[in-house]
> 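I have a structure here, written as structure tokens, and I will follow up with some questions on it.
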Amino acid sequence: MHVLEAAESIRQNTADRHTMNEAQNAKEAENLRKNQPACVIVGASHAGVNCAFELRKQGFEGQIVVIDTDKHLPYHRPPLSKAYLNTPVNEPPPKLKSEQAYANANITLMLDVKVTGINTQHKVVDTQSVDAPFTRLVLAYTHLVLATGASPIIPPINGLKECISAAKAKPLNNILVMRNADDAIALKAFINQVNKPISAFHALVVGAGYIGLEAAASLRKLGAKVTVIEREHRPLARVASEEVSQFVSALHSNHGVKLICNDSVTALLRTPTAETDNGQTNNASYQVLCESGAHYHADCLLIGVGVTVNNDLAQSAGLQLDKSGIRVDGRMQTSNPHIWAIGDCTVFAHQEYGDNTHIESVQNALEQAKVAAQCIAVVNKKNSQSTAGSALAGMPCTPGPSKNEAFSVKAAIYKAIPWFWSDQFNSKLQIAGLTIDTDKPVVRVESESVRSIWHFNGNVLRCVEAINSPKAYVLGSKWIAQQRVIDKAQLADASVSLTSLSTS
């Protein structure tokens with residue numbers, strides 16, 4: 001019997017008898033126990049799903065359960081603010097894996113399910129259905145992986161929370177944060193059913209980060225009017241160089257996006273709704289008031305001002321936290337030897353970027369997932385004789401090995417070079433490395449639309465930002481990993497081929 005079938009059997013029997021003492025529960029659980037290790041993964045985005053499949057690749061034969069509050073089969077998130085907005089309304093989000101792939105790998109998905117608590121003493125997690133909160137299940141784990149990601153920040157704008165609540169109550173939601181598939185699906189549905197031509201539709205985006213700008217570009221390509229309001233003095237101020245910001249500003253302006261910096265939204269007012277010809281009520285539109293005194297009328301709002309790490313479960317489990325997330329070592333292990341964390345929710349030591357590195361990217365999620373899975377597989381083999389965390393719910397588990405006992409593998413420092421990308425209109429921005437502790441950049445301009453910005457610490461390359469220049473991105477990534485010293489004068493000279501650059 002599978003871990004979930006066993007747990008459900010116990011839950012149903014308990015409900016049928018109304019009461020079950022601990023001895024009865026223990027006896028029934030023991031009869032169902034498979035004496036198999038179980039890895040429970042909280043979060044079914046890129047990090048969680050790839051960790052599950054990497055575990056199988058590494059030979060982990062125990063049970064794997066992946067839990068997520070999202071009801072959709074796990075999907076790629078980057079396209080949600082890009083190409084996906086230009087697809088038909090009923091097209092599902094692009095899947096990470098097919099449903100059959102999970103079955104073939106014997107990986108159990110628990111979707112539309114929330115983990116409500118972690119009992120580290122007995123090594124169990126409490127779960128409940130999102131839609132039916134009284135439907136609860138308790139799962140035991142040998143290894144627990146937190147891939148909880150981050151949640152969008154809702155800025156303190158007067159009237160925003162009330163407008164969000166009212167919009168959610170409508171069949172078509174028109175205040176969105178573009179964090180998950182439901183947001184993208186709702187935006188597509190609203191645009192296609194709004195009672196006006198797309199050329200008269202006005203979308204206002206709060207925040208000029210990657211997601212906000214990508215969504216703005218996608219909406220503008222559809223023909224909508226788009227205004228972006230950013231409180232900083234330039235777009236992408238927290239994640240890209242001044243040179244990239246200048247290029248992006250010109251790109252959006254040339255495509256008809258109204259990009260406003262050094263201003264912030266202070267209040268939001270709902271305008272009266274009106275009935276359509278068939279008697280239905282339109283969604284409200286909004287008056288958007290800004291600190292500068294400017295005001296705008298918008299049919300929908302997209303909020304993209306940043307995220308906050310989902311660390312509530314980690315905090316309740318007593319794990320070590322830092323300002324930017326859950327503290328992990330080079331193996332992605334937390335302060336609890338049976339719990340691991342990966343992806344956007346982590347903070348870690350990096351050989352290039354320091355002891356408090358925090359990276360929000362798909363690449364980082366994939367790399368950390370691989371590291372965690374490999375280490376879990378090693379630990380599992382070393383402790384295969386342990387019965388701790390067997391694959392049944394509701395059971396106090398035998399304490400596992402201490403942190404020092406659990407690992408014979410040498411502690412490593414996570415050293416993957418981060419990379420990012422963004423598609424906006426007809427341009428692609430690719431970034432390798434981080435600009436932390438870098439000097440004045442070297443700018444290489446090959447044409448009006450092709451350029452690259454190179455960041456050094458002394459003479460050592462630390463980051464490259466490539467705009468429509470895949471060669472710069474590929475070579476830059478390689479040189480960063482090699483800590484190669486580059487001749488800056490030759491690098492700035494576009495007449496010198498990148499492949500012919502010599503070290504100084």
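Please read all numbers here as calculations on a predicted model, not as lab measurements.
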> Could you grab the distance from atom OG1 of Thr346 to atom CG of Leu321, nearest 0.5 Å is fine?
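With rounding to 0.5 Å, OG1 (Thr346) is 12.0 Å from CG (Leu321).
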> Nearest 0.5 Å, please: how far is CD1 in Ile359 from OH in Tyr353?
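Reported to 0.5 Å precision, the distance equals 7.0 Å.
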> Determine whether more than 12 heavy atoms belonging to other residues, nucleotides or ligands lie under 6.0 Å from atom CZ of Arg56.
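Yes, enclosed.
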> Does Tyr473 use its side chain to pair, donor to acceptor, with the backbone of Ala432 at less than 3.5 Å?
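No, Tyr473 side chain to Ala432 backbone: no donor-acceptor pair under 3.5 Å.
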> Side chains of Val347 and Val328: does their closest heavy-atom pair fall under 4.5 Å?
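Of all side-chain heavy-atom pairs linking Val328 with Val347, none is under 4.5 Å.
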> How far apart are the C-alpha atoms of Ile185 and His72, what are their side-chain angles, what is the distance that settles it, and do they pass the side chain to side chain contact (heavy atoms under 4.5 Å, CB included) test?
CA-CA 11 Å; Ile185 291 169; His72 300 280; 3.8 Å; yes
> By the side-chain hydrogen bond (donor to acceptor under 3.5 Å, both in side chains) test, which pairs, at least two apart or in different chains, include something from residues 300-321?
Ser151-Asn310
> Does the pair Leu55 and Ile376 meet the rule for a side chain to side chain contact (heavy atoms under 4.5 Å, CB included), with working shown?
CA-CA 8 Å; Leu55 279 168; Ile376 288 171; 3.7 Å; yes
> When you measure from the side chain of Ser129 to the backbone N and O of Val113, does any donor-acceptor pair fall under 3.5 Å?
no
> For the salt bridge (charged side-chain N to carboxylate O under 4.0 Å, His left out) test, which of Asp182, Asp112, Asp131 pairs with Lys71?
Asp182
> With sequence neighbours left out, which residue pairs that include part of residues 201-220 fulfil the salt bridge (charged side-chain N to carboxylate O under 4.0 Å, His left out) condition?
Lys82-Glu214
> With a 4.5 Å cut-off on side-chain heavy atoms, are Leu144 and Val42 touching?
yes
> Got Ile339 and Leu319 here, is their nearest side-chain heavy-atom distance under 4.5 Å?
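Yes, close enough: below the 4.5 Å cut-off.
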> Show your working on salt bridge (charged side-chain N to carboxylate O under 4.0 Å, His left out) between Arg451 and Glu446 and close with a plain yes or no.
CA-CA 5 Å; Arg451 63 191 62 198; Glu446 298 184 41; over 6 Å; no
> Quick one: does Glu232's side chain have a donor or acceptor within less than 3.5 Å of a partner on Arg234's backbone?
no
> What I want to check is whether the side chains of Asn459 and Arg484 have a donor and an acceptor closer together than 3.5 Å.
no
> Please lay out, stage by stage, how Tyr84 and His76 fare under the test ring pair (Phe, Tyr, Trp, His ring centres under 6.0 Å).
CA-CA 10 Å; Tyr84 182 64; His76 291 276; over 10 Å; no
> Would Thr271 and Gln287 satisfy side chain to side chain donor-acceptor pair (under 3.5 Å), going step by step from the backbone distance to the final call?
CA-CA 7 Å; Thr271 60; Gln287 288 294 329; over 6 Å; no
> Looking at Lys370, I'd like to know if its NZ atom is crowded, meaning that more than 12 non-hydrogen atoms belonging to other residues, nucleotides or ligands lie closer than 6.0 Å.
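Counting neighbours around NZ of Lys370, 12 or fewer heavy atoms of other residues, nucleotides or ligands fall under 6.0 Å, so no.
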> Can any side-chain N or O of Gln424 pair as donor or acceptor with the backbone N or O of His252 at less than 3.5 Å?
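No.
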> I need the Ser361 OG to Tyr210 OH distance, nearest 0.5 Å.
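The distance works out to 10.5 Å.
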> Would the number of heavy atoms belonging to other residues, nucleotides or ligands and lying under 6.0 Å from NZ of Lys114 be above 12?
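No.
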> Do the side-chain N and O atoms of Arg462 and Thr435 include a donor-acceptor pair separated by under 3.5 angstrom?
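Judged by distance alone, the side chains do not pair up.
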> Between Arg231 and Asn262, is a side chain to side chain contact (heavy atoms under 4.5 Å, CB included) present by the stated rule, with each step listed?
CA-CA 5 Å; Arg231 70 176 183 179; Asn262 282 318; over 6 Å; no
> Keeping Asp183 on the side-chain end and Arg179 on the backbone end, is there a donor-acceptor pair under 3.5 Å?
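Yes, because the side chain of Asp183 sits within donor-acceptor range (under 3.5 Å) of the backbone of Arg179.
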> Kindly check if the number of other-residue, nucleotide or ligand heavy atoms within 6.0 Å of NE2 (His295) is above 12?
no
> Do the non-hydrogen side-chain atoms of Val145 and Val40 ever get within less than 4.5 Å of each other?
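Of all side-chain heavy-atom pairs linking Val40 with Val145, none is under 4.5 Å.
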> Only one of Ile164, Leu289, Leu204, Ile175 passes side chain to side chain contact (heavy atoms under 4.5 Å, CB included) with Leu268; say which it is.
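Going through Ile164, Leu289, Leu204, Ile175 one by one, the side chain to side chain contact (heavy atoms under 4.5 Å, CB included) with Leu268 is satisfied by Ile175 alone.
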> Side chains of Thr438 and Asn457: donor-acceptor distance under 3.5 Å anywhere?
no
> Using a 4.5 Å cut-off on heavy atoms from C-beta on, say whether the side chain of Cys375 contacts that of Trp340.
yes
> Kindly check if the number of other-residue, nucleotide or ligand heavy atoms within 6.0 Å of NZ (Lys428) is above 12?
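For Lys428, atom NZ is crowded (more than 12 foreign heavy atoms under 6.0 Å).
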> Please say whether more than 12 non-hydrogen atoms of neighbouring residues, nucleotides or ligands are located less than 6.0 Å from CD in Gln482.
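Enclosed: over 12 neighbouring heavy atoms sit under 6.0 Å from CD of Gln482.
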> Just wondering, do Trp454 and Ser452 contact through their side chains at under 4.5 Å, heavy atoms?
yes
> Check whether any side-chain N or O of Arg444 sits under 3.5 Å from a backbone N or O of Leu491 as a donor-acceptor pair, and report yes or no.
yes
> Within the side chain of Thr334, is there an N or O that forms a donor-acceptor pair under 3.5 Å with the backbone of Ala341?
no
> To the closest 0.5 Å, what do you measure between CD1 (Ile342) and CG (Asn50)?
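So the gap between those two atoms works out to 8.5 Å.
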> Regarding Lys225 and Asp299, does a basic nitrogen lie under 4.0 Å from an acidic carboxylate oxygen?
no
> Are side-chain heavy atoms of Val177 and Leu302 found at a separation under 4.5 Å?
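Result no, sub-4.5 Å side-chain heavy-atom pair not found.
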> Hey, does the side chain of Ser469 reach the backbone of Ala466 with a donor-acceptor pair shorter than 3.5 angstrom?
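Not at all, since once roles are kept as given, no pair shorter than 3.5 Å links the two residues.
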> Report the relative orientation of the aromatic rings in Trp421 and Trp419; use parallel for angles under 30°, tilted for 30 to 60°, perpendicular for over 60°.
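Ring orientation of Trp421 relative to Trp419: tilted.
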> If you count the non-hydrogen atoms of other residues, nucleotides and ligands that lie under 6.0 Å from CD in Glu291, is the total more than 12?
no
> Below 6.0 angstrom between ring centroids: does that apply to Tyr286 and Tyr296?
no
> Checking side chain to side chain contact (heavy atoms under 4.5 Å, CB included) for the pair Phe190/Phe201: CA distance, chi angles, key distance, verdict?
CA-CA 11 Å; Phe190 183 76; Phe201 181 89; 3.3 Å; yes
> Please check this pair: side chain of Asp68 against backbone of Leu111, looking for a donor-acceptor N/O pair closer than 3.5 Å.
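Not a single qualifying donor-acceptor pair exists.
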> Mind running side chain to side chain donor-acceptor pair (under 3.5 Å) on Asn468 and Ser449 for me, showing each step along the way?
CA-CA 7 Å; Asn468 300 318; Ser449 61; 4.7 Å; no
> Identify the two heavy atoms, one from Phe456 and one from Gly458, that lie closest to each other, and give their separation to 0.1 Å.
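Heavy atoms of Phe456 and Gly458 come nearest at CB-O, 3.4 Å.
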> For Ile417, does its backbone N or O pair with a side-chain atom of His350 as donor and acceptor, under 3.5 Å?
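No, the answer is negative, given that no donor and acceptor are paired below the 3.5 Å cut-off.
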> Would you check if Val309 and His358 make a side-chain contact, meaning some heavy-atom pair closer than 4.5 Å?
yes
> Which value, rounded to the nearest 0.5 Å, describes the distance between Ser285 atom OG and Lys196 atom NZ?
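Reported to 0.5 Å precision, the distance equals 6.5 Å.
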> Would you find more than 12 non-hydrogen atoms of other residues, nucleotides or ligands less than 6.0 Å from Lys168 atom NZ?
no
> In Å, rounded to the nearest 0.5 Å, how long is the span from NE2 of His455 to CD1 of Ile431?
8.0 Å
> Checking Lys97 against Tyr102: charged group under 6.0 Å from the ring centre and within 45 degrees of the axis?
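The answer is no, since Lys97 fails at least one limit relative to Tyr102.
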